2 protein chains.
Amino acid sequence: MNLSKTSKYAFRVLGYMAKDEKALYSARQLYRENNVPEKYLRRLLTHLSKFGFIKSIQGRQGGFTFARDISKIFLIEIVEAIDGTESIRGCILGYKKCAFNFSCPMHDIWEDAKVHVINTLSNTSLKDIQNKMVETDSFL
Amino acid sequence: MNLSKTSKYAFRVLGYMAKDEKALYSARQLYRENNVPEKYLRRLLTHLSKFGFIKSIQGRQGGFTFARDISKIFLIEIVEAIDGTESIRGCILGYKKCAFNFSCPMHDIWEDAKVHVINTLSNTSLKDIQNKMVETDSFL
DNA sequence: ATAAAATGCTATCAATTAGTAGTATTTAAC
DNA sequence: GTTAAATACTACTAATTGATAGCATTTTAT
């Protein structure tokens, strides 16, 4: 059960972009408004482009905009693209084969909570959080 | 939502020890049976002693045994001792003040899943997983 | 007493993840 | 065509986390 800082950054930025889903955002606006280090975000944005969540428009007046319908971009896709599938779905004890051939001692107890998390992330799209954005300064 | 590798190691070892809750285990037996690097586990064991989960008995014929009733050692205590309280309870976007003065855009959607995880970890003691242990080799 | 078998401590190394710097490339305005 | 404003790329640095090494200390068996 792991959510890297990078995934958190992605959530912040994509959530922010979802507010106006058709708009074109410059990297500058995105790192300023979401408290993500500039260069780190720039790299993350090109990754998110390669993953197909957003697309970049180069050159003067360029920026980033969604590449797909945001009602079809689910949070779990974002985490899995960045942190890998094991990060969320993996065994709580870190055993590779757990739930495949065998179950670890904590498997049953953990399964239920894990499924709940996976379902939440799988059923929530960027569209679902579209109108929940607040002033980001509030969170500093 | 974070569970470090170290916490996973702690779960493995404490879960293993719970099988025979009154027994005295040597570090040697513990790292062999639970696939945790020797030196790393030794350090972890002294941490777990300082946290009060287990106690160490020094000298020849020494080892580790539980310091408290295992029906009162809940999984969440273990994670929080090792990874800190924010690791599980923190904001999904990583904002410090979220849920204090303000809520982040994903707060509501995430809250439910998070509470589920926290409840599972808070309500599960080492006693609860006592008889679920299997051969550890199975997970390699 | 001494040796053996255990834990304790501290410093260091390695791997992973997060963050930065600098330059190249693309495109539109003029 | 030149400049300005944007993204793209690559190599490097820093911070965190995981792992190791080596020696010190404690206690029991002999």
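All of these numbers come straight from a predicted model, not from anything done at the bench.
Taking a heavy-atom distance under 4.0 Å as the criterion, the stretch of DNA chain C touched by chain B extends 5' to 3' from C:dA4 to C:dA11.
Closest non-hydrogen pair, A:Val117 versus A:Met1, comes out as CG1-SD, 4.0 Å. Considering every non-hydrogen atom in both B:Ile109 and A:Asp128, the closest pair reads CD1-O, 4.1 Å.
Among the heavy atoms of the strands lying under 4.0 Å from A:Lys39 is at least one base atom, whether or not backbone atoms are also near. Using a 4.0 Å heavy-atom criterion, one finds that B:Ser49 contacts no nucleic acid atom at all. Residue-level contact check: A:Ile57 touches the backbone only, with heavy atoms under 4.0 Å from sugar-phosphate atoms and none from bases.
With contacts defined as side-chain heavy-atom distances shorter than 4.5 Å, the pair B:Val13/B:Leu44 does not qualify. Looking at heavy atoms from C-beta onward, B:Ser4 lies in side-chain contact with B:Ile82 at the 4.5 angstrom threshold. No side-chain heavy atom of A:Thr120 sits under 4.5 Å from any side-chain heavy atom of B:His116.
At whole-Å resolution of the value, CG in B:Leu41 and P in D:dT20 are 12 Å apart. In this structure, the CZ atom of A:Arg42 is 10 Å from the C1' atom of D:dA5, given to the nearest Å. Between A:Leu45 atom CG and D:dC9 atom P there is a gap of 13 Å when expressed in whole angstrom units. One can place OH of A:Tyr40 at 17 Å from P of D:dA14, the figure rounded to the nearest angstrom. Distance CG (B:Leu44) to P (D:dT20): 14 Å, rounded to an integer number of Å.
B:Tyr9 has no side-chain polar atom (N or O) that falls below the 4.0 Å cut-off from OP1 or OP2 of D:dG18. An OP1 or OP2 oxygen of D:dT7 is reached within less than 4.0 angstrom by no side-chain nitrogen or oxygen of A:Ser26. Note on A:Lys50: a side-chain N or O is less than 4.0 Å away from OP1 or OP2 of D:dC9.
At distances below 3.5 Å, at least one donor-acceptor pair connects side-chain atoms of A:Arg12 with backbone N or O atoms of A:Asn35. A donor-acceptor pair under 3.5 Å is absent between the side-chain atoms of A:Tyr16 and the main chain of A:Glu33, judged by distance alone.
For residues 45-63 of chain A, no pair satisfies side chain to side chain donor-acceptor pair (under 3.5 Å), with sequence neighbours left out.
Between A:Tyr9 and A:Tyr40, the ring-plane angle classifies as perpendicular under the 30° and 60° cut-offs.
If you find the closest nucleotide of DNA chain C to A:Pro37 and to B:Thr46, the one lying nearer the 5' end belongs to B:Thr46. Nearest-nucleotide assignment on DNA chain D puts the 5′-proximal partner with A:Gly63, out of A:Gly63 and A:Arg43.
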Identify the pairs formed between an N or O of the protein and an N or O of nucleotides 27-30 of chain D at a distance under 3.5 Å, and give each distance.
residue: D:dT27; atom: O2; partner: B:Arg60; partner atom: N; Å: 3.2

